[in-house]
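All remarks here apply to the structure that follows.
Just so it is clear, the values below take in all heavy atoms, side chains as well, and ignore hydrogens, waters and symmetry mates. Residue numbers start from 1 in every chain, and the chains themselves are labelled A, B, ... in the order their sequence lines are given, proteins ahead of strands.
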Amino acid sequence: MLDPKYLRSELEETAQRLAQRGYELDIATLATLEERRKTLQSSTQELQAQRNARSKSIGQAKGRGEDIAPLLAQVGELGDQLESAKVELAQLLTDIDNIAMSTPNLPDSDVPVGKDEDDNVEISRWGTPRTFDFEIKDHCEVGEAMGGIDFAASVKLTGSRFVVLKSKIARMHRALAQFMLDLHTEQHGYIEAYVPYLVNSESLRGTGQLPKFGEDLFHTNPANEEGTGLSLIPTAEVPLTNLMRDEIADEAQLPLKFTAHTPCFRSEAGSYGRDIKGLIRQHQFDKVEMVQLVKPQDSDNALEELTGHAEKVLQLLELPYRKMLLCTGDMGFTAAKTYDLEVWLPSQDCYREISSCSNTRDFQARRMQARFRNKETNKPELLHTLNGSGLAVGRTLVAILENNQQSDGSVTVPAALRQYMGGLAVIS
RNA sequence: GGAGAGAUGGCAGAGUGGUCGAAUGCACCGGUCUUGAAAACCGGCAUGGGUUUAUAGCCCAUCUAGGGUUCAAAUCCCUAUCUCUCCGCCA
């Protein structure tokens, strides 16, 4: 959520910056609601003050043993006026809140203006895609050939966009998550967390999935209008970031850095037709997530650091990738600035997203009231929140199967992963 | 699943209809004392919002949440959520 005061005072400016990301802010409606709110809120509070004063004097008169009947008569119609003013104000505030909660974050000034992914800017590349002297297979062919990827089974059990992994490939999938968690906790200073996979709607509002993107999630019953049903997490960003919802951290505790390995569930409504084949786009996938909660002045550096942590995983696994700075039009709802890491996939002859690292500044923190106490002023201030994949486990598996495949159908295990696979150097 | 108890500020914990945004303690901040620190003592210290140049002042709201009773609710009533205890069940 944007700062309501800023939104109010800099309406035109805000609208312009939001237009860069393809979001049209309804200035006219907002201005009208705001004007009404201002007068109504003042008059309501004035009525409230009057009633409070009179009620108080009734109490005092009673205490002195005076007759309070005339005072009671006076206060009667005041109550009616107050009641109707309150009702109208509440509706108005709800309307304004709905707009505020559905408005995306402002892009940082150094984010390139653009329409879609074609306008993203490449920042750097690491590694060189291998040249193959044999006919390459995609990850499905590699995995199915060694009996480790079974889509027939998952279709029987559940349906499309799920997978069953077996034997060495299942083990590699598990090993990847272990490897990533160990790296982030032992080398990068993150606190490992085990978190619920079902969350309530308050958490989802906090990180920005609700109220706007409910259809991307799987909900449990009863998922009614009030959203009292629990929902499966689309990313561990939701539980990890919400750890600090309605909390005030000590400044000395900062930065807070959490990591977790969780499954992620996405209904991907409307995305049918994209990546139908294979492990790239699933309703359920595992991910190791990194979340940082930092002081505002530290969030620029934190985004670079956090992205570096994700890059480190790819480097240790020796997977070629490139780092992209997303343009205004391609960023997520909550992001002020986002780097995507894209890993090389030989079968597709292109780089594909494997990590997305974002600084949301105070956008999520304001929704969550996630704060810290400023040591100098002794006042609570909003934190800045950042999140990034480190990495998507399924897609990492895909990248290894494809980049490390051999002409005989086997796959070499990256050196960094071998200790997590009982020393195996090759799977076949 | 059954029975009972509870939810108050950063934390602990008083408060059962009016002068209560709320005693007290801890924590925290400032000061006195001290070579320095500790202790002791003195003072300060909730959050959100409105108005405003203002983190000044004034005003409104907030004692889990949502309804209700009342001129007036932390306090009375209803509902929900959560927590704890006991029983049952269970990995």
Side-chain angles (χ1 to χ4, degrees), chain A residues 1-10 33-97 99-101 194 196-206 210 220-231 239 242-254 256 293 296 362 365-383:
Chain A
M1 192 163 73
L2 302 177
D3 182 356
K5 286 179 188 163
Y6 181 84
L7 186 59
R8 234 174 261 156
S9 59
E10 309 294 337
L33 288 174
E34 176 52 29
E35 194 177 340
R36 181 78 187 120
R37 189 220 102 236
K38 200 166 176 170
T39 54
L40 189 61
Q41 186 160 353
S42 294
S43 61
T44 304
Q45 291 188 353
E46 175 57 26
L47 284 169
Q48 187 75 256
Q50 280 180 34
R51 197 208 61 185
N52 288 349
R54 296 199 187 181
S55 290
K56 203 170 187 175
S57 69
I58 289 175
Q60 288 167 343
K62 210 174 165 189
R64 291 191 298 266
E66 295 168 12
D67 180 18
I68 58 169
L71 290 170
L72 286 180
Q74 272 182 21
V75 103
E77 81 182 75
L78 199 59
D80 296 341
Q81 282 180 39
L82 181 59
E83 200 46 46
S84 67
K86 269 184 171 172
V87 169
E88 196 187 339
L89 180 62
Q91 182 57 52
L92 201 52
L93 290 176
T94 304
D95 292 345
I96 293 173
D97 187 58
I99 294 176
M101 287 295 278
Y194 170 79
Y197 304 154
L198 285 163
V199 292
N200 58 34
S201 60
E202 274 311 298
S203 295
L204 291 163
R205 286 176 72 85
L210 292 179
T220 62
N221 287 326
N224 58 24
E225 302 268 312
E226 287 80 44
T228 54
L230 301 175
S231 308
N242 274 282
L243 284 172
M244 288 307 290
R245 171 152 58 84
D246 295 323
E247 301 287 341
I248 301 175
D250 266 347
E251 189 173 332
Q253 294 178 275
L254 302 177
L256 286 164
L293 300 108
D362 61 13
R366 184 171 293 105
R367 293 169 159 247
M368 289 192 299
Q369 286 300 301
R371 296 171 294 172
F372 72 101
R373 195 169 292 280
N374 183 319
K375 220 150 171 16
E376 278 169 36
T377 63
N378 213 30
K379 294 287 175 197
E381 287 179 29
L382 293 172
L383 289 160

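The nucleotide G1(B) finds its pairing partner in C87(B), both defining distances of the Watson-Crick or G-U wobble pair being shorter than 3.5 Å. Across all strands shown, U32(B) forms a Watson-Crick or G-U wobble pair with A40(B), both key distances being under 3.5 Å. Nucleotide A61(B): paired with U47(B) (Watson-Crick or G-U wobble, both distances less than 3.5 Å). Both distances falling under 3.5 Å, in either a Watson-Crick or a G-U wobble arrangement, occur for no nucleotide opposite U69(B). Across all strands shown, G6(B) forms a Watson-Crick or G-U wobble pair, both distances under 3.5 Å, with C82(B). Using N1 to N3 plus N6-O4 or O6-N4 for Watson-Crick, or N1-O2 and O6-N3 for G-U wobble, each under 3.5 Å, U52(B) pairs with nothing.
The side chain to side chain contact (heavy atoms under 4.5 Å, CB included) search around I58(A) returns I68(A), L71(A), L72(A), not counting sequence neighbours. Every residue two or more places apart in sequence or in another chain that forms a side chain to side chain contact (heavy atoms under 4.5 Å, CB included) with E83(A) is listed here: V87(A). Evaluation of the side chain to side chain contact (heavy atoms under 4.5 Å, CB included) rule for E46(A) yields Q50(A) as partners, not counting sequence neighbours. In this structure N52(A) satisfies the side chain to side chain contact (heavy atoms under 4.5 Å, CB included) test together with Q48(A), sequence neighbours excluded. Evaluation of the salt bridge (Lys or Arg N to Asp or Glu O under 4.0 Å) rule for D97(A) yields R205(A) as partners, not counting sequence neighbours.
Using a 4.0 Å heavy-atom cutoff across all strands shown, P380(A) reaches sugar-phosphate atoms only and no base atom. Backbone-only engagement by R37(A) is indicated by non-hydrogen atom pairs under 4.0 Å involving sugar-phosphate atoms exclusively. Across all strands shown, K86(A) has no heavy atoms under 4.0 Å from either base or sugar-phosphate atoms.
Spacing of C1' atoms, C87(B) relative to A72(B), comes out at 44 Å, to the nearest Å. Using atom C1' as the reference point in both G17(B) and C77(B), the two lie 13 Å apart (nearest Å). Going from the C1' atom of G57(B) to that of A12(B) covers 34 Å, rounded to whole Å. Comparing A23(B) with U32(B), their P atoms sit 28 Å apart, to the nearest whole Å. One P atom belongs to U8(B), the other to C76(B), and the distance between them is 15 Å to the nearest Å. Spacing between C63(B) and G21(B) at atom P, rounded to whole Å, works out to 12 Å. When the P atom is compared between A7(B) and A91(B), the two are found 36 Å apart, to the nearest whole Å. Look at the P atom in both C41(B) and A56(B): the space between them is 32 Å, to the nearest Å.
For CD of E35(A), the number of neighbouring non-hydrogen atoms (other residues, nucleotides, ligands) closer than 6.0 Å is 12 at most.
Annotation: side chain of L82(A) is in contact with side chain of T44(A) (closest heavy-atom distance under 4.5 Å). Within the 4.5 Å cutoff, side-chain heavy atoms of I99(A) are placed close to those of L33(A).
Nucleotides of RNA chain B that come within less than 4.0 Å of any heavy atom of chain A span, from the 5' end to the 3' end, G18(B) to A72(B).
Sequence order on RNA chain B of the closest nucleotides to G59(A) and Q50(A) puts G59(A) first from the 5' end. For the pair K379(A) and N52(A), nearest-nucleotide mapping onto RNA chain B gives the more 5' position to K379(A).
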